[in-house]
Number of protein chains: 2
Amino acid sequence: MVISLKDVAKRAGVSVKTVSNVVNGYRHVTPATRQRVQQVIDELGYRPNLTARHLRKGRTGIIALALPELGNPYFAELANAVINYAAGLDYIVLLDPTNGRRDQEILFAQGFRARLIDGLILSPIELENEDLLARGHDAPLVLLGEREYEAPHDHIAIDNVAAARTATQHLLDLGRERVAFIGARQGRSRQPAHLRLRGWREVMSETAAGGGDDLVATTDGYGREDGAQGMARLLDSGAAPDAVFCYNDVVAIGAMRTLAERGLRVPEDVAVVGFDNIEDGRYCSATLTTIAPHKQAIAEAAVDALLSRLDGAEEEKEAAPRHVRPGFALIRRESTLGRP
Amino acid sequence: MVISLKDVAKRAGVSVKTVSNVVNGYRHVTPATRQRVQQVIDELGYRPNLTARHLRKGRTGIIALALPELGNPYFAELANAVINYAAGLDYIVLLDPTNGRRDQEILFAQGFRARLIDGLILSPIELENEDLLARGHDAPLVLLGEREYEAPHDHIAIDNVAAARTATQHLLDLGRERVAFIGARQGRSRQPAHLRLRGWREVMSETAAGGGDDLVATTDGYGREDGAQGMARLLDSGAAPDAVFCYNDVVAIGAMRTLAERGLRVPEDVAVVGFDNIEDGRYCSATLTTIAPHKQAIAEAAVDALLSRLDGAEEEKEAAPRHVRPGFALIRRESTLGRP
DNA sequence: CTGAAAGCGCTTACAG
DNA sequence: CTGAAAGCGCTTACAG
């Protein structure tokens with residue numbers, strides 16, 4: 001049988017209001033009353049019904065985090081950070097994999113799970129600007145990852161172009177000349193992949209090798225296998241890269257696997273830089289140099305932005321959309337060992 | 001402004017019951033009425049308030065999945081499988097990292113988030129039998145991973161001893177003689193790590209090397225760094241292993257990193273077997289041989305078990321606790337290349 | 001096939 | 001400091 005506030009109140013000989021006060025730790029309850037009520041609560045094993053509280057308060061304390069997938073350690077690590085940080089602020093996180101599919105992203109963007117979640121952090125892949133505009137203005141939405149949307153939402157993203165430039169320049173500074181890029185998905189042009197490609201192109205176009213497509217391997221996805229195949233195509237094409245900047249670390253890990261299979265050494269024959277700084281990168285046969293977005297800062301900025309819309313002062317809630325740019329760092333490891 | 005059923009009913013000129021019927025797709029509504037109501041719903045942008053539904057139905061359609069952490073790809077992959085499988089059955093999954101801490105595990109086991117979740121799948125690390133018994137019988141609980149609990153709960157776990165025997169025997173079949181084990185945590189004796197150690201010991205004790213502690217590196221945790229350090233200690237101790245069976249794949253990846261740093265080749269100098277079959281294992285410099293628990297089967301068995309307690313026929317709900325043992329397979333890759 | 005009404009278990013003005 | 005009562009927005013017997 002389920003125990004309600006009323007049961008506790010009856011047994012303790014007080015009103016439900018008083019029990020509620022005790023449960024919620026409000027002052028203005030005499031110690032004697034508090035103790036008596038608490039004892040009955042323990043005796044009966046009463047637990048507040050969260051769904052009733054949610055209905056009454058119009059809030060659930062639940063926020064959703066919609067990410068492409070957990071199979072990519074970057075997202076898994078980010079999810080971990082968001083969940084733990086939010087928990088410290090008494091918010092529960094509902095994790096929803098979108099599988100990078102537009103229909104799923106639209107679902108979330110447009111107010112799926114109405115009133116079950118107070119707000120949403122969404123890391124879109126395929127979502128378009130128009131999908132966002134069609135949104136039946138519901139719970140606050142924070143966008144994660146650099147996309148160029150015009151919709152009025154808070155946005156958390158590092159500067160992908162600058163990061164890509166940093167990575168590419170690092171490879172050039174090593175004395176490499178034919179620096180390739182793996183990972184620009186075909187199609188939509190506003191995705192982070194294209195921003196990273198743009199950064200690469202900006203730097204490479206000023207070199208002898210140029211920023212042409214011969215040194216670019218476009219992939220369909222962003223997984224290990226995509227990296228392995230992209231590297232293989234690059235090698236087969238005769239592009240003869242002596243370095244490669246990969247869209248992310250798992251793509252880089254896939255690429256390094258292909259290099260190993262072809263008997264090429266990292267970094268002697270081909271230097272490699274990834275992106276994300278996932279833990280695996282520190283345990284590869286050649287540990288992986290990478291761009292490290294400040295993951296914790298991203299997680300905190302996203303949650304803070306959302307909660308300021310939820311719990312902030314009125315002027316904070318109504319403030320213009322903010323664009324937060326957490327920092328990044330180049331972390332140098334064995335895969336780019338060399339002179340500088 | 002928030003639109004309620006009542007608003008829709010008023011505007012459509014019907015009762016709330018009828019709107020509810022339309023929203024929930026019940027038959028017994030004339031097509032004309034249905035259409036009219038649907039139109040008003042679209043016009044007003046009405047979305048059912050899930051929290052009200054939850055309170056009324058006494059059910060939320062949410063189940064919790066409490067795992068140690070998402071940083072280990074095995075758990076991330078498993079979480080993905082559970083979330084997707086549950087979604088197909090119209091259940092939402094709330095993911096809760098316990099960080100492998102007993103206090104957190106107790107929290108969940110004992111009915112945290114009462115009535116917000118319909119049931120719980122818990123993968124315990126430190127939880128003790130007594131913690132489970134103290135449980136104020138709340139939502140159904142399914143245990144994941146092989147622990148020897150006496151409490152009456154459904155339990156999903158592969159046969160760890162058999163799997164460990166398979167892995168160890170595989171290394172012996174290769175002609176290796178000094179097969180080490182990395183990963184048995186000190187302390188509690190009922191954890192999977194000890195079952196895997198037991199499997200290793202059973203097989204090794206019949207060999208010349210024996211199943212003694214000289215070939216065992218105990219670790220505090222189950223991460224990459226634990227594997228790296230465990231391998232280093234094994235090497236420094238003079239145990240001179242020519243093969244190693246690791247508690248899991250990330251431990252194995254850490255161990256392989258140490259081997260590379262010491263200039264030892266895999267598998268020529270030291271053959272390696274992991275456990276979990278995480279995707280990373282297919283992209284190591286020597287791809288990793290591993291025990292592959294049937295992850296999808298585990299996810300499905302866990303969800304099915306829980307839902308049968310929730311939605312099953314009466315005799316199913318009351319059935320004695322079930323112990324489901326999904327299968328496993330040895331997946332052979334480069335890290336144990338060799339004769340057989 | 002549709003309506004009027006009760007009630008899920010809380011919290012919160014409103015009184016006292 | 002405490003109580004009696006309304007109401008959050010649904011669903012569901014109960015009537016008709």
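Each chain gets a letter, A, B and so on, in the order the sequences are listed, and its residues count up from 1.
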(message) Less than 4.5 Å apart, side chain to side chain, heavy atoms only: is that true for B/N99 and A/N84?
(response)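 Counting from C-beta outward, B/N99 and A/N84 do come under 4.5 Å.
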
If the threshold is 4.0 Å, N to carboxylate O, is there a salt bridge linking [X] and [Y]?
| X | Y | result |
| --- | --- | --- |
| A/R309 | A/E316 | no |
| B/E126 | B/R101 | no |
| A/R113 | A/D96 | yes |

Integer-rounded Å distance: [N] [atom2] and [X] [atom1]:
| X | N | atom1 | atom2 | answer |
| --- | --- | --- | --- | --- |
| A/I3 | C/dC8 | CD1 | C1' | 16 Å |
| B/I41 | D/dG9 | CD1 | C1' | 14 Å |
| A/R53 | D/dG9 | CZ | C1' | 19 Å |
| B/L55 | D/dC8 | CG | C1' | 9 Å |
| A/L5 | C/dG7 | CG | P | 18 Å |
| B/K10 | C/dA4 | NZ | P | 13 Å |
| A/R59 | C/dG9 | CZ | P | 24 Å |
| A/D7 | C/dC8 | CG | C1' | 13 Å |

(request) Name all pairs fulfilling the ring pair (Phe, Tyr, Trp, His ring centres under 6.0 Å) condition that reach into residues 106-135 of chain A, sequence neighbours left out, sorted by first residue then second. (result)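 Listed by first then second residue: A/F108-A/F112.
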
(message) Within the 4.0 Å heavy-atom criterion, would you say B/T51 contacts the bases, only the backbone, or no part of the nucleic acid?
(response)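 Contact class for B/T51: none.
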
(message) I want to confirm an ordering. Mapping B/V14 and A/L50 to their closest nucleotides on DNA chain C, which one lands closer to the 5' end?
(response)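 Counting from the 5' end, the first nearest nucleotide belongs to B/V14.
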
(message) For B/T18 and B/R115, find the nucleotide of DNA chain C closest to each by heavy atoms; which residue's nucleotide sits nearer the 5' end?
(response)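 The residue whose closest nucleotide sits nearer the 5' end is B/T18.
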
(request) Please tell me which of A/T30 and B/K6 maps to the more 5' nucleotide of DNA chain D, matching each residue to the nucleotide holding its nearest heavy atom. (result)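 Counting from the 5' end, the first nearest nucleotide belongs to A/T30.
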
(request) Output the distance between atom CG (A/L143) and atom NE2 (A/H323), rounded to the nearest 0.5 Å. (result)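 Those atoms lie 9.5 Å apart.
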
(request) Say whether, by atom type as modelled, one donor and one acceptor occur between the side chain of B/T98 and the main chain of B/E105 under 3.5 angstrom. (result)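 A pair under 3.5 Å: no.
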
(request) Keeping the roles fixed (side chain from B/N49, backbone from B/T51), state whether a donor-acceptor pair exists under 3.5 Å. (result)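 At least one qualifying donor-acceptor pair exists.
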
(message) Counting neighbours of CD on B/E43 that are heavy atoms of other residues, nucleotides or ligands and sit closer than 6.0 Å, is the number greater than 12?
(response)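 Counting other residues, nucleotides and ligands, CD of B/E43 exceeds 12 neighbours.
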
(message) Looking at D/dG9, I'd like to know if its phosphate oxygens (OP1 or OP2) sit under 4.0 Å from a side-chain N or O belonging to B/S4.
(response)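 Indeed not, no polar side-chain atom of B/S4 lies that close.
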
N/O to N/O distances under 3.5 Å, protein versus nucleotides 12-16 of chain C:
unit_1 : atom_1 : unit_2 : atom_2 : d
C/dT12 : O4'    : A/R56  : NH2    : 3.2

(request) Toss me the dot-bracket line for DNA chain C: Watson-Crick and G-U wobble, both under 3.5 Å, 5' to 3', using | for pairs to another strand and [ ] for crossers. (result) |||.||||||||.|||

